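These notes concern the structure reproduced below.
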Amino acid sequence: MDGLSPSEQREFASRMERKQMKEFMTMYSKMVQRCFDDCVNDFTTKSLINREEQCIMRCVDKHLKGSARLQERFQEQNAAMMQGGQPGQ
């Protein structure tokens, strides 16, 4: 980014923010759909039954923890590559 003018840097940062927001919203939407499909199956009432609510909470927790772990591993791999080491060591 050193070769970019200040206005180009702002434009680049703005595009990156929009891209990150779009990726977050896509991930969030997929998680909601997956947890709903896996957990909600009783449509005889307009609110969630206890079993469905617990399932959704476990599902969301599992997805968020998995995402956090993937991010940690990515950062570890990136740090290892920046230090000239091999990934996974």
Side-chain angles (χ1 to χ4, degrees):
M1 285 202 9
D2 293 335
L4 300 177
S5 71
S7 64
E8 290 172 328
Q9 289 178 5
R10 285 190 300 274
E11 175 65 24
F12 179 76
S14 177
R15 285 184 184 196
M16 288 301 294
E17 287 174 12
R18 286 192 304 267
K19 182 175 173 40
Q20 288 173 340
M21 180 56 77
K22 183 178 178 182
E23 289 174 359
F24 170 77
M25 293 305 294
T26 299
M27 181 195 75
Y28 178 79
S29 294
K30 286 180 181 180
M31 178 188 66
V32 167
Q33 188 65 51
R34 172 88 187 256
C35 292
F36 181 87
D37 290 345
D38 288 351
C39 297
V40 179
N41 50 31
D42 182 2
F43 296 99
T44 61
T45 178
K46 62 182 174 180
S47 60
L48 295 173
I49 60 175
N50 191 41
R51 177 177 41 83
E52 291 171 332
E53 191 171 342
Q54 290 174 353
C55 178
I56 287 173
M57 296 301 282
R58 282 191 309 272
C59 181
V60 168
D61 186 55
K62 187 175 187 176
H63 278 277
L64 292 178
K65 285 181 179 177
S67 178
R69 183 62 184 135
L70 284 172
Q71 185 175 6
E72 288 173 15
R73 288 294 292 151
F74 178 76
Q75 290 173 346
E76 291 168 4
Q77 297 280 329
N78 194 31
M81 288 173 39
M82 295 299 281
Q83 293 176 353
Q86 294 296 319
Q89 291 185 345

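Computed from a predicted structure; not experimentally measured. We use all heavy atoms of the structure for the numbers below, so side chains are in, but hydrogens, waters and symmetry mates are not.
With sequence neighbours excluded, no residue forms a side-chain hydrogen bond (donor to acceptor under 3.5 Å, both in side chains) with Q75. Taking Q71 as the reference, nothing meets the side-chain hydrogen bond (donor to acceptor under 3.5 Å, both in side chains) condition, with sequence neighbours excluded. The salt bridge (charged side-chain N to carboxylate O under 4.0 Å, His left out) check on E17 picks up nothing, with sequence neighbours excluded. Scored by the salt bridge (charged side-chain N to carboxylate O under 4.0 Å, His left out) test, R69 finds E72, E76 as partners (sequence neighbours excluded). Annotation: side-chain hydrogen bond (donor to acceptor under 3.5 Å, both in side chains) contacts of N50 (sequence neighbours excluded): none. Remark: E8 pairs with S5 by the side-chain hydrogen bond (donor to acceptor under 3.5 Å, both in side chains) rule, at least two apart or across chains. Scored by the side chain to side chain contact (heavy atoms under 4.5 Å, CB included) test, F43 finds F36, V40 as partners (sequence neighbours excluded). Looking at residues two or more places apart in sequence or on another chain, you find a salt bridge (charged side-chain N to carboxylate O under 4.0 Å, His left out) between R34 and D38.
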Using residues 54-65 as the side-chain source, report each donor-acceptor pair under 3.5 Å to any protein atom, sequence neighbours left out, with the distance given to one decimal.
residue: D61; atom: OD2; partner: K65; partner atom: NZ; Å: 3.2

Please tabulate, for the side chains in residues 19-28, all donor-acceptor contacts under 3.5 angstrom to protein atoms that are two or more places apart in sequence or on a different chain.
residue: K19; atom: NZ; partner: E23; partner atom: OE2; Å: 2.9
residue: T26; atom: OG1; partner: K22; partner atom: O; Å: 2.9

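A donor-acceptor contact closer than 3.5 angstrom is absent between the side chains of R10 and S14.
For residues 41-54, there are no salt bridge (Lys or Arg N to Asp or Glu O under 4.0 Å) pairs, not counting sequence neighbours.
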